[in-house]
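Residue numbers start from 1 in every chain, and the chains themselves are labelled A, B, ... in the order their sequence lines are given, proteins ahead of strands. Excluded from the calculations below are hydrogen atoms, water molecules and symmetry mates; all remaining heavy atoms, backbone and side chain alike, are included.
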Amino acid sequence: MRFSRMVSKTLRDDPPDAETASHRLMLRAGLIHQVAAGVYSYLPMALRSLRKIENIIREEMDAAGGQELMMPALQPQELWDQTGRKEAFGDNMFSLNDRHGRKMVLAPTHEEVITNLVKANVQSYRDLPQILYQIQTKFRDEARPRAGLVRVREFDMKDAYSFNADEESLDESYQAMAQAYRNIFRRCGLPVLMAEADSGAIGGKDSHEFLLATNTGEDTVITCASCSYTANAEKAESTISELPSEPEATLEEVATPNIKTISALAKFLAVDESKTLKAVFYMSDGEPVFVTIRGDLDVNETKLKNALHSTDLRMADGDEARAAGLVAGSASAIGLEGIKKVVDSSVTNGNNFIAGANKPDTHFKGANYPRDFQADIVADIALAQPGQNCPRCGHTLESTKGIEVGHIFKLGTFFSEVLGADFLDSEGQQHPIIMGCYGIGVGRLLAAAVEQNNDENGIVFPAPVAPYQAHMVALNINNEEVAEAAEKLYKELEAAGIEALFDDREDAAAGVKFNDADLIGLPVRLVVSPRNLKDGKVEIKGRMDTEAGSVPLDGVVAAVQERLAASAE
RNA sequence: CGGGGUGUAGCCCAGCGGUAGGGCGCCUGCUUUGGGAGCAGGAAGUCGGGAGUUCGAUUCUCCCCACCCCGACCA
């Protein structure tokens with residue numbers, strides 16, 4: 001490609017609204033152009049990278065036994081009503097009407113369609129297992145798009161679905177996909193964490209997220225440096241400090257004037273926060289729920305949601321709390337009737353807690369579970385925090401931010417049961433097909449690759465996803481000798497199958513060309529200039545090299561190939 | 001959805017109750033060519049939209065819209 005013919009322009013100034021490196025650099029290098037919040041055009045260079053990533057994904061999916069197909073983004077809403085997921089996705093789903101007034105949606109994912117497709121094509125255990133995938137545009141009306149291609153509303157996504165006759169087979173498909181994912185991310189230059197994840201309301205047993213650790217990420221991962229335990233914040237477990245067991249004291253009131261928070265309470269009574277009980281009030285599918293957790297811990301709403309089998313969970317507001325007769329700042333489960341009570345298992349660790357007395361400016365001391373209050377549900381609903389201990393090995397946990405680039409789930413039989421996708425086993429028995437699903441955000445993966453690979457001068461593309469392999473800069477191209485040598489070299493590169501970007505601009509100063517080369521960040525830079533040409537040479541420099549080397553004109557192609565081969569390892 | 005912020009030329013921004021400016025980019029010519037060159041000339045704007053106040057609004061007031069950031073949300 002000739003630079004002079006490229007439609008995209010590089011920007012001299014940093015876009016002021018772009019906070020993350022990938023967003024800033026992709027705009028500056030002319031890779032993407034924003035159309036609306038969370039909606040972007042991919043300019044030619046970005047599309048080339050995207051296609052490369054897609055092809056890496058295809059190769060690994062095919063190698064793992066996947067078959068590619070493509071399903072429509074436009075779907076009847078009816079299909080989503082059958083599984084109840086129109087409701088579940090809520091405002092995150094784009095909806096529209098067709099000319100007949102039929103309700104349609106833009107698909108955020110494709111379980112409904114693929115399950116029906118498989119239902120029509122698979123009847124026997126002999127047809128299983130199947131792994132089907134597509135690379136399609138997905139639509140999610142995100143509440144807050146952010147960080148360029150990291151969180152968008154229209155996006156290129158690879159989604160795969162497995163269909164199996166039994167759990168063992170599902171596990172094989174799941175493991176094959178997990179391995180394919182590791183291969184894909186490695187080939188794209190991304191060191192990823194594979195974290196245990198919450199499988200969601202519909203999911204079955206296992207779920208894992210693949211994340212690029214970066215502090216601009218929006219997900220939180222809990223890791224253990226000692227063993228391999230890695231889990232996202234919604235799923236992570238931890239062991240908490242054991243409190244010494246004391247003889248149970250009597251429950252008695254203590255005046256706590258104007259004490260509303262756990263920290264104020266602990267300070268006022270000169271006890272550790274772990275000796276207090278925190279009360280948190282939620283609305284779960286319209287029903288009030290009273291949660292008790294040890295004062296030094298926080299509620300993990302995902303765990304709570306799972307414990308309650310709730311589809312819509314949120315914190316209650318002040319009016320709802322008052323309506324349920326709760327005294328904010330002094331609430332506890334003691335003596336509380338007519339409301340569902342959830343107790344975190346931390347409350348069974350320790351005793352003689354300080355708890356609210358359900359009247360203003362008053363608390364109890366000597367509160368004990370289950371002597372003084374009971375629970376409808378006792379479960380681990382605590383948020384794992386760095387500094388707590390690993391549930392596997394006891395080592396101190398750490399926390400890191402990350403961008404989620406892939407997610408795999410064992411779905412189980414939810415979709416096959418609702419949509420009637422059954423098969424007959426060898427004994428003629430009918431069973432719902434067991435499913436898994438496996439997603440990769442392709443555009444987000446590109447953004448993550450840029451986020452991971454850049455320096456102060458620009459992008460440092462990993463060769464397998466770079467839009468071109470070589471950036472050939474011709475300096476003083478008005479010089480006939482340079483023009484001739486550069487044209488010849490450009491043709492040689494193309495003939496050798498090396499994708500080259502040829503900066504043939506006549507009017508751009510050397511500095512401009514070098515800066516653009518650094519900004520775009522192709523793996524190998526070649527400089528054809530009068531100075532080098534005098535010795536019959538061309539300058540060659542890897543994007544991260546501090547010093548440039550030089551090669552004879554007739555050895556350039558081989559030298560580029562050598563460098564690319566080396567960087568591919 | 002709550003909080004904060006920003007909308008002025010392709011990009012980055014300044015400005016102001018009297019009808020809009022700088023830098024970059026762009027066009028023409030000359031000069032220049034190893035890290036964002038120089039000179040001369042030039043084109044380019046519904047000042048986000050609407051209403052109001054005013055003799056006069058890009059500027060003040062109100063409403064709306066868009067975008068960004070934080071939070072909530074993110075099977």
If you go through the side-chain atoms of Asn532(A), does one of them form a donor-acceptor pair with the base of rG34(B) closer than 3.5 Å?
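Yes.
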
For a quick check, tell me whether the side chain of Arg525(A) and the base of rG35(B) share a donor-acceptor pair closer than 3.5 Å.
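A donor-acceptor contact between them is present.
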
Rounded to the nearest Å, what distance is computed from the [atom1] atom of residue [X] to the [atom2] atom of nucleotide [N]?
| X | N | atom1 | atom2 | value |
| --- | --- | --- | --- | --- |
| Phe155(A) | rC74(B) | CZ | P | 15 Å |
| Lys513(A) | rG36(B) | NZ | C1' | 13 Å |
| Glu218(A) | rC69(B) | CD | P | 11 Å |

I need the residues from residues 437-448 of chain A with at least one non-hydrogen atom less than 4.0 Å from RNA chain B; give them sorted by number, or say none.
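Residues of residues 437-448 of chain A that come under 4.0 Å of RNA chain B are, in numerical order, Cys437(A).
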
Under 3.5 Å between N/O atoms: give me all the protein pairs with nucleotides 2-13 of chain B, atom names plus distance.
from    : atom 1 : to       : atom 2 : distance (Å)
rC12(B) : O4'    : Asp13(A) : OD2    : 3.3

Write down the atom of Lys401(A), the atom of Gly217(A), and the distance for their closest heavy-atom approach.
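Distance-wise, the nearest heavy atoms are CD-O, 3.7 Å.
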
Quick one: is rA66(B) close enough that its OP1 or OP2 comes under 4.0 Å of any side-chain N or O from Gln34(A)?
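No.
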
When the aromatic ring centroids of Phe210(A) and Phe185(A) are compared, is their separation below 6.0 Å?
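That pair passes the under 6.0 Å test.
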
Heavy atoms under 4.0 Å, any strand shown: does [X] hit a base, just sugar-phosphate, or nothing?
| X | value |
| --- | --- |
| Asp518(A) | base |
| Arg28(A) | base |
| Ala147(A) | sugar-phosphate |
| Ala143(A) | base |

Give the ring-plane orientation class for His23(A) versus Tyr40(A), where under 30° counts as parallel, over 60° as perpendicular and anything between as tilted.
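Rings of His23(A) and Tyr40(A): perpendicular, as their planes differ by over 60°.
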
cation_pi(Arg505(A), Phe3(A)) dist<6.0 Å, angle<=45:
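The answer is yes, since Arg505(A) meets both limits relative to Phe3(A).
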
Among pairs that include at least one residue of residues 74-94 of chain A, which meet ring-ring contact (aromatic ring centres under 6.0 Å, His included), considering only residues two or more places apart or in two chains?
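Counting only pairs at least two positions apart or across chains, the ring-ring contact (aromatic ring centres under 6.0 Å, His included) contacts touching residues 74-94 of chain A are Trp80(A)-Phe89(A).
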
Closest listed nucleotide, where the reference is the side chain of Arg146(A) and the choices are rC74(B), rA37(B), rC70(B)
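Taking heavy atoms from C-beta onward, the closest nucleotide is rC70(B).
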
Would you measure the distance from the P atom in rG2(B) across to the matching atom in rC64(B) and give it in whole Å?
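Approximately 12 Å lies between the P atom of rG2(B) and that of rC64(B).
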
Suppose you measure atom C1' in rU8(B) against the same atom in rG22(B); what distance do you get, rounded to whole Å?
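Result for the C1' pair: 12 Å, nearest Å.
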
Tabulate atom names and distances for all N/O pairs under 3.5 angstrom spanning the protein and nucleotides 26-33 of chain B.
from    : atom 1 : to        : atom 2 : distance (Å)
rU33(B) : O4     : Asn478(A) : ND2    : 2.7

Would you write out the dot-bracket form of RNA chain B, 5' to 3', with Watson-Crick and G-U pairs under 3.5 Å, [ ] for crossing pairs, | for pairs to other strands and . for unpaired bases?
(((((((..((((....[..)))).(((((.......))))).....(((((..]....))))))))))))....

Output all residues satisfying salt bridge (charged side-chain N to carboxylate O under 4.0 Å, His left out) with Asp219(A), sequence neighbours left out; order by chain, then residue number.
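Partners of Asp219(A) by the salt bridge (charged side-chain N to carboxylate O under 4.0 Å, His left out) criterion come out as none, since no residue qualifies.
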
